[in-house]
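Here is the structure we will look at, set down as structure tokens.
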Number of protein chains: 2
Amino acid sequence: MATTTRAQKEALPFRRVTPTRRGQRPAVALGRLNGHLGYFVRRAQIWIFQDFIRTLARIDISPAQFSVLIVIGANHGLSQIEIAAALGIERARLVRLLHRLESRALIRRLPSSADRRRHALQLTPHGRTVLALAKTLAARHEKRLINKLGAEHHQFLLDTLRDF
Amino acid sequence: MATTTRAQKEALPFRRVTPTRRGQRPAVALGRLNGHLGYFVRRAQIWIFQDFIRTLARIDISPAQFSVLIVIGANHGLSQIEIAAALGIERARLVRLLHRLESRALIRRLPSSADRRRHALQLTPHGRTVLALAKTLAARHEKRLINKLGAEHHQFLLDTLRDF
DNA sequence: TATTGTTATACTCTATAACTATA
DNA sequence: TATAGTTATAGAGTATAACAATA
């Protein structure tokens, strides 16, 4: 918003400011980019993550941390490799994510009964409390998305993007 | 979808592998993540970018480089700050992107006639050739997406995600 | 031999801050 | 004073490789 005056300031009046859809985009042609879904998916992802991060800023939970906490909370003693596979992240990266969550006392790594190579992951009581709050804030974020897109479009996006 | 097996899982060998849509996702409950668009947009973005990168691997053009080349090619002597604003990237990051493209002789930074602080950006003849090939390969990538989603869903996604 | 968790490395991306040369 | 391009830094994310303990 309020970025619509950029062009006028420049050399001479010859730079026509086309009134773009939301007054956000400058008068620069995107050419073939307009037909490429990847470009718009990327921009949408950035927008959504920024809103998510802002909404959960006071409990300092990132989208990645949120997804890990949700999956640990919704399952029973998962191993790290199972979580990594479910969320499509590298197991090496998950190690660092879990270190942080463990150092904040949100999760615990218990020895797995069956296989001593594995850890069985759990939320701590404090982790459950924080996750509950995170869910409330995340729902607020999602409501903002629903308002922006309309409930049907939101649901359609959810259904369609699940295929990836 | 496919999150209904949580209870059964906890007991013994009954770890039923629910036949998920594409046989990709393991039998781990995603819980609330299922209602969050950001999660699926992120996964879709990663999938799409990986396919794009693979498809353009032989000319070594990344999604970011492609978007920069497209915008330079579709406009007339843009400044760096205009490109950065159009694509929603930091001007500091654009500097490094352009260094690479310039060192590969795909673009040129010409002095701007009106404002000596600015560069006027152009494709080189070689840049035009590479961009033409990049467009062909990118179209092949996009066709794959259209086949995956169906033409109507693809168009709908394009229209809906443009709002961000 | 293979797998799980771990450490380490490298490269990209994002977010800033600060510098210079121009305006 | 402000802006355009640049440099530098720090943190996240991604992609690998390799190692120890265990299977």
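All values below were derived from every heavy atom in this structure, side-chain atoms included, with hydrogens, water molecules and symmetry-related copies excluded. Numbers restart at 1 for each chain; the letters A, B, ... are given by sequence-line order, proteins then strands.
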Grab the N/O contacts between the protein and nucleotides 20-23 of chain C below 3.5 Å, and write none if there aren't any.
unit_1 : atom_1 : unit_2   : atom_2 : d
C:dA23 : OP1    : B:Arg116 : N      : 3.1

Q | Side-chain touch B:Ile107/B:Leu69, heavy atoms, less than 4.5 angstrom | A |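 Touching, per the 4.5 Å side-chain cut-off.
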Q: Taking A:Asn34 for its side chain and A:Gly31 for its backbone only, find out whether a donor-acceptor pair lies under 3.5 Å.
A: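 Side chain of A:Asn34 to backbone of A:Gly31: a pair is present.
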Which heavy atom in [X] sits nearest to a heavy atom in [Y], and how many Å separate them?
| X | Y | answer |
| --- | --- | --- |
| A:Arg109 | A:Leu121 | CG-CD2, 3.4 Å |
| B:Lys148 | A:Asp163 | NZ-O, 3.7 Å |
| A:Ala138 | A:Phe52 | CB-CE1, 3.9 Å |

Nucleotide [N], atom [atom2] - distance to [atom1] of [X] in whole Å:
| X | N | atom1 | atom2 | value |
| --- | --- | --- | --- | --- |
| A:Leu94 | D:dA15 | CG | P | 15 Å |
| B:Ile81 | D:dA2 | CD1 | P | 15 Å |
| A:Ile53 | D:dG11 | CD1 | P | 16 Å |
| A:Leu121 | C:dT4 | CG | C1' | 12 Å |
| A:Gln45 | D:dG13 | CD | P | 10 Å |
| B:Trp47 | D:dT14 | CH2 | P | 17 Å |

Q. Would a hydrophobic clustering, with Ile, Leu, Val, Met, Phe, Trp and Tyr connected at side-chain separations under 4.5 Å, put A:Ile53 with B:Leu33?
A.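 They do not share one cluster, since no chain of ILVMFWY contacts under 4.5 Å joins A:Ile53 to B:Leu33.
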Q. Same cluster or not: are A:Leu101 and A:Ile81 linked, directly or through other Ile, Leu, Val, Met, Phe, Trp or Tyr residues, by side-chain heavy atoms under 4.5 angstrom apart?
A.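 No, A:Leu101 does not connect to A:Ile81 through the hydrophobic network.
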Q: Establish, with yes or no, whether the OP1 or OP2 oxygen of C:dT3 is under 4.0 angstrom from a side-chain nitrogen or oxygen of A:Gln80.
A: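 So the side chain of A:Gln80 is outside the cut-off, no N or O lying under 4.0 Å from OP1 or OP2 of C:dT3.
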Q) In terms of the angle between their ring planes, are B:His36 and A:His141 parallel, tilted or perpendicular, with boundaries placed at 30° and 60°? A)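 Ring orientation, 0 to 90° scale: parallel.
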Output a table of nitrogen or oxygen pairs between the protein and nucleotides 13-17 of chain C separated by less than 3.5 Å.
unit_1 : atom_1 : unit_2  : atom_2 : d
C:dC13 : OP1    : B:Arg93 : NH2    : 3.4
C:dC13 : OP2    : B:Arg93 : NH2    : 2.5
C:dC13 : O5'    : B:Arg93 : NH2    : 3.0
C:dC13 : O3'    : A:Arg42 : NH2    : 3.2
C:dT14 : OP1    : A:Arg42 : NH2    : 2.3
C:dT14 : OP2    : B:Arg93 : NH1    : 3.1
C:dA15 : OP1    : A:Gln50 : NE2    : 2.9

(Q) Exactly one of A:His119, A:Arg118, A:Arg91 should register a side chain to side chain donor-acceptor pair (under 3.5 Å) with A:Gln80. Which one does? (A)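 When side chain to side chain donor-acceptor pair (under 3.5 Å) is applied between A:Gln80 and each of A:His119, A:Arg118, A:Arg91, only A:His119 qualifies.
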(Q) Quick check on contacts: within residues 98-112 of chain B, what sits under 4.0 Å from DNA chain D by heavy-atom distance? (A)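 B:His99, B:Arg109, in order of number.
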